[in-house]
Amino acid sequence: MKKITINPVTRVEGHMRVEVFLDEDGSVKDAHTSTVEFRGYEKFCVGRRVEEMPRIVSTICGTCPVSHHLASAKAGDAVYGVEDEIPLTAYKLRELMHMGQIIHSHLIHFYVLAAPDLVLGPDAAPATRNILGLVDAVGVDFVKEVIRARATGQELVAATGAKRLHQSTAVPGGITAVLSEEKRRELLEKVKSDVLPFMEKSIQLAQELLFDKYADLIDTFGVVETSHMGLVNNGYLDLYHGIVRVMKPDGEIYEFEARDYQNEIAEIVHNFSSMKSQYLKRMGSPEKGIYRVNALPRINVCDEINTERANELLKEFRNKFGRPTQQTLLYHYCRLIEVMHAAEKAVEILEDKETITSTKNRIKLEKTPSEGVGVIEAPRGTLFHHYKTDENGIVREANIIVATSQNQLAWNEGVKQVAKQFIKPGEEISQGVLNRIEMIIRAYDPCNSCATHTLPGKMPLELVIYDSNGEVVETLRRNI
Amino acid sequence: MSEEFEPNIVGFACNWCTYAGADLAGLSRFEYPPTVKLIRVMCSGRVDPSFILEAFARGADGVFIGGCHVPADCHYQRGNFKAWRRIEILKKVLEQLGIESERLRLEWVSASEGQKFSEVIAEFTETLKKLGPSKIKGGVEID
Amino acid sequence: MTKPKVAIVALGVCSGCEVTIVDTDEALLDILNAIDLCHLQIATDFKYEDIPKELDVAIISGNIRNEENKHIAKMLEERAKIIVANGSCACFGGIPGLGNLWRNENLMDYAYFDSPTTENPDKVLPDAEVITLTERVYALSEVIRVDYMIPGCPPQPQTFVEVITALLEGREPELPNFNLCEQCERKRNAKKMPTIRRWTEGVDDDGETCLLEQGFLCYGPATRAGCGAICVNEGNAPCIGCYGPTDQVVDQGAKMIGAIGAMADVAAQEGEADDPEEFAKKFVDPVGWLYRFTLPSSLIKEKREDQ
Ligand code: SF4
Ligand code: SF4
Ligand code: SF4
Ligand code: FES
């Protein structure tokens, strides 16, 4: 394939670019996405005090700062050798913060990014296929409920993290926030009244849309055979803490401790994108080791969910679609199962009054700091932070594997499938192909901010098609 | 190369001691290199850390601060001590930013120490000659 | 009356500043009603080419990290009557500005060659057309004219609302021009700081006394008030200075060094402080703390390397 020349004018738009390559007879040979942002967090974290890291790395992403904040604090716990000694209160406050983030992040994705497509249909005009169009379709009252439920998630975050974004409280050895009894009761009420019942409605809506309206699409669209990764705790879905479990396409399972991630995951570099890709080393190569993260994989890898309603939903889902399910569009549904779980979990945590309002939230750090890995299930998938420090706790090396990029190989496969299906020699290329590509990429809820360690969760999309000489034959644009 | 290099020093001298000391050095014809541009301040404690950074940013190869002897000579009681504390921290900041901390020098020089003043400046000039020009070439834009 | 044409644009960001705009809740609706919104990256489907040639206000978040950021900033400068820098990345460079402590090659070599999980035997790098980093990170105001600033990482909703509402009402925005300590609920007694302690020892924090007085670094004395000292008051955590300095201060780090020096001296007068060298030695990674949000717009701006 020839070296492509990129038109600088189109570069200027901040799009996630999809590049499609044709061979001599005009059929699709290859396709992938490309991002351009790069900030270099891993390097400039070197020299920083490890206890400051949670408040530095949260700015990797404004969409899921809590994930980075907490993964970083967990890495800090490990650096000081106290990962198993965190006071229960601190553990629960952190977990509550995380549940808040899952609630608001997943709901935003479902209602602002996914639902407009599903409710209005992928062929509705882009100008109406957005949240405003959704307001017209489902009514203002329903949207108000969405806003309230999401706001409750944000309140859980604020109550435990001080700030809604770029939290200030998690530290190696615990957390500095204290939850008052008054606040506890208020939050508990809100989750019970504004989130749980609303989730029942959401599930119903999603079932109608996904299971009925788009049933055909689900089985044919963007389906790729990959492994799946997610954290489990005794086999249960656990978004905050656990062992990393991988399920191969044939359903076989293996597990590893996060601290061994280096032996299990490798990253490859692409010349066409600032985003690296990851694969499973055990499988031998990037082609065989392709895996996915985020909601669908988490639902696939866990045996059960330890909250009641979410577990029912899991069973129902599994009966219908099997395990593992590879249908990419089902990510949307799995997110809602997780929100249900997060809300139930939040209630469970908040009901334990004694623990959650205690002020025993930090422990003394007495061991010499050295090295540690922190892992968490960010809304978009498994997130690893790994720091090596000197004996004073100054970071000497940092390695961060973010959620989004771990799906890159898989969505590229999906994009290639669609391109092959819709771009044929001699036929005119329609906007329809963009709709399809858009839906695939969106299912993964990629976050450029994280993946390139920049830019917003909402990605305008640009499709560039190159002929076999590397000349641009066509450019199509669409803002996701 | 380095023989020809004449360092550019910005000096902040406290009115009561060091500035007077410098005057005395001039009157008594103690030779010292013409490398230093002296700015009179009322007290070393009045040298805001940003003055020092700004001097470097504008291209100074070295910054000198002269104050009254500790513990008791400062006319504002603790100005010299405050300056000392700030300068110790600033040195760490400079090092981290790739600027050798030797380029920042604090000395106690009294009104009667004209000779000390000239010696200090001569020595500082030597140090800076060895270090060569500051890495902030031509200064940075300041608005 | 025609509504002012407003564009909200993100450059080198984490997108937190945009999320915060959404978090202004009801106030957002009032603002949206009063303006003609031409571009908002994360919530609607407009494109850069839809940005009108003449704008009344451009609200820009993010720093300048690559050529694309720079290009868009310059385009907006030409088109907009009023430019508002939204958030500390735009105002001062922000946390990614710490990238200025390294050279671009260092940042990229680590990510693409040297990180422990990277497998790259053929030394593949993203093409030069893909990653077009500017020489260093710049704050927006270093590259284009900035008329108003909304500081914060991210700005708290009240700060955003005040600046935007003022502009819509045709008055000067009023940001507090005093230090954060004045909004802090902690007790300040002698204003003395005997030593510097790491926040890893924060388990000793009594929860009531000024953090600096207990030896923990807190940016209150050199940070603009406006957030309500939220980290200290709500989170029992030190302020790290995300609102930047008050109006007259040129260099936030320098201002804080001044404050620390003065407080340490008060302790020293009572024979309670470490000597100046010892004290400074305990200030670990001063640049990473003092210039967490402002390195690109500070006096020195970046680490100096031998040429
Ligand atoms: S100022 Fe903070 S919240 Fe805003 S873009 Fe920068 S890092 Fe994100
Ligand atoms: S230094 Fe910090 S803790 Fe002390 S008064 Fe100021 S803001 Fe509050
Ligand atoms: S307390 Fe300081 S760090 Fe926290 S939000 Fe306010 S200005 Fe920012
Ligand atoms: S008056 Fe000379 S140092 Fe204070």
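These numbers come from the heavy atoms of this one structure, side chains and all, not from hydrogens, waters or symmetry mates. Below, chains carry the letters A, B, ... as their sequence lines are ordered, and counting in each starts from 1.
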A158(A), part contacting chain C, at a heavy-atom distance under 4.5 Å: neither

Intermediate values then yes/no, side chain to side chain contact (heavy atoms under 4.5 Å, CB included), I95(C) and H166(A): CA-CA 11 Å; I95(C) 288 183; H166(A) 304 326; over 6 Å; no

Which of R55(A), K364(A), Q262(A) touches chain C most, by non-hydrogen pairs under 4.5 Å: R55(A)

Winner by heavy-atom pair count (cut-off under 4.5 Å) against chain A, out of L101(C), L125(C), I240(C), N120(C): I240(C)

When G76(A), A159(A), P369(A), A266(A) are compared by non-hydrogen pairs under 4.5 Å with chain C, the top option: A266(A)

Min side-chain heavy-atom separation Q156(C)-K163(A) under 4.5 Å: yes

Contact origin within I131(C) toward chain A - heavy atom pairs under 4.5 Å: both

Straight-line distance of T200(C) OG1 to E366(A) CD, nearest 0.5 Å: 11.5 Å

Residue W199(C) versus chain A: region with a heavy atom under 4.5 Å: both

Contacting moiety of I230(C), where chain A heavy atoms sit under 4.5 Å: both

Whether over 12 other heavy atoms sit under 6.0 Å from K282(C) NZ: yes

Gap between atom NZ of K43(A) and atom CG of D114(C) - 0.5 Å precision: 7.0 Å

Exercise: identify the closest heavy-atom pair between G40(A) and L107(C): O-CD2, 3.7 Å

Contact leader toward chain C among N271(A), T160(A), N392(A), I175(A), where contacts are heavy-atom pairs under 4.5 Å: N271(A)

4.5 Å side-chain heavy-atom contact, K388(A) and P116(C): no

Gap between atom OG of S115(C) and atom CD of E42(A) - 0.5 Å precision: 5.5 Å

Closest heavy-atom pair and its distance - A111(C), K276(A): O-NZ, 2.5 Å

Toward chain C, the part of I363(A) with a non-hydrogen atom under 4.5 Å: backbone

Atom group of R198(C) that falls short of 4.5 Å from chain A, counting heavy atoms: both

Heavy-atom proximity to chain C below 4.5 Å, by part of L165(A): both

Interatomic spacing from CG in L217(C) to CD in E52(A) - rounded to 0.5 Å: 8.0 Å

Top of P172(A), A398(A), P65(A), A177(A) for chain C proximity - count of heavy-atom pairs under 4.5 angstrom: A398(A)

Q167(A) versus chain C, the contacting section by heavy-atom distance below 4.5 Å: neither

Side chains of R164(A) and P157(C) in contact at under 4.5 Å (non-hydrogen atoms): no

Per-residue contact mode, L295(C) against chain A (heavy atom under 4.5 angstrom): neither

Pairs of heavy atoms under 4.5 Å with chain A: top-ranked of C227(C), C17(C), C231(C): C231(C)

Y112(C) (side chain) donor-acceptor with S274(A) (main chain) under 3.5 angstrom: yes

Portion of V269(A) that has a non-hydrogen atom of chain C nearer than 4.5 angstrom: both

Separation between CG of D122(C) and CD1 of I268(A), rounded to the nearest 0.5 Å: 11.0 Å

Top contributor to chain C contacts, counting heavy-atom pairs under 4.5 Å, from I56(A), L365(A), V50(A), I147(A): I56(A)

Least distance between heavy atoms, R49(A) atom then V284(C) atom: NE-O, 3.1 Å

From CA spacing to verdict: side chain to side chain contact (heavy atoms under 4.5 Å, CB included), V178(A), N236(C): CA-CA 8 Å; V178(A) 176; N236(C) 285 312; 4.0 Å; yes

Residue pair Y110(C) / N399(A), side-chain heavy-atom distance below 4.5 Å: yes

Spacing of E37(A) atom CD and E68(C) atom CD [to the nearest 0.5 Å]: 6.5 Å

Residue part contacting chain C, namely of Y279(A), when any heavy atom lies under 4.5 Å: side chain

Side-chain heavy-atom pair V130(C), F38(A) within 4.5 angstrom cut-off: no

Among P96(C), G62(C), G99(C), C239(C), residue most engaged with chain A (heavy-atom pairs, under 4.5 Å): P96(C)

Check: T176(A) side chain, G235(C) main-chain N or O, donor-acceptor pair, under 3.5 Å: yes

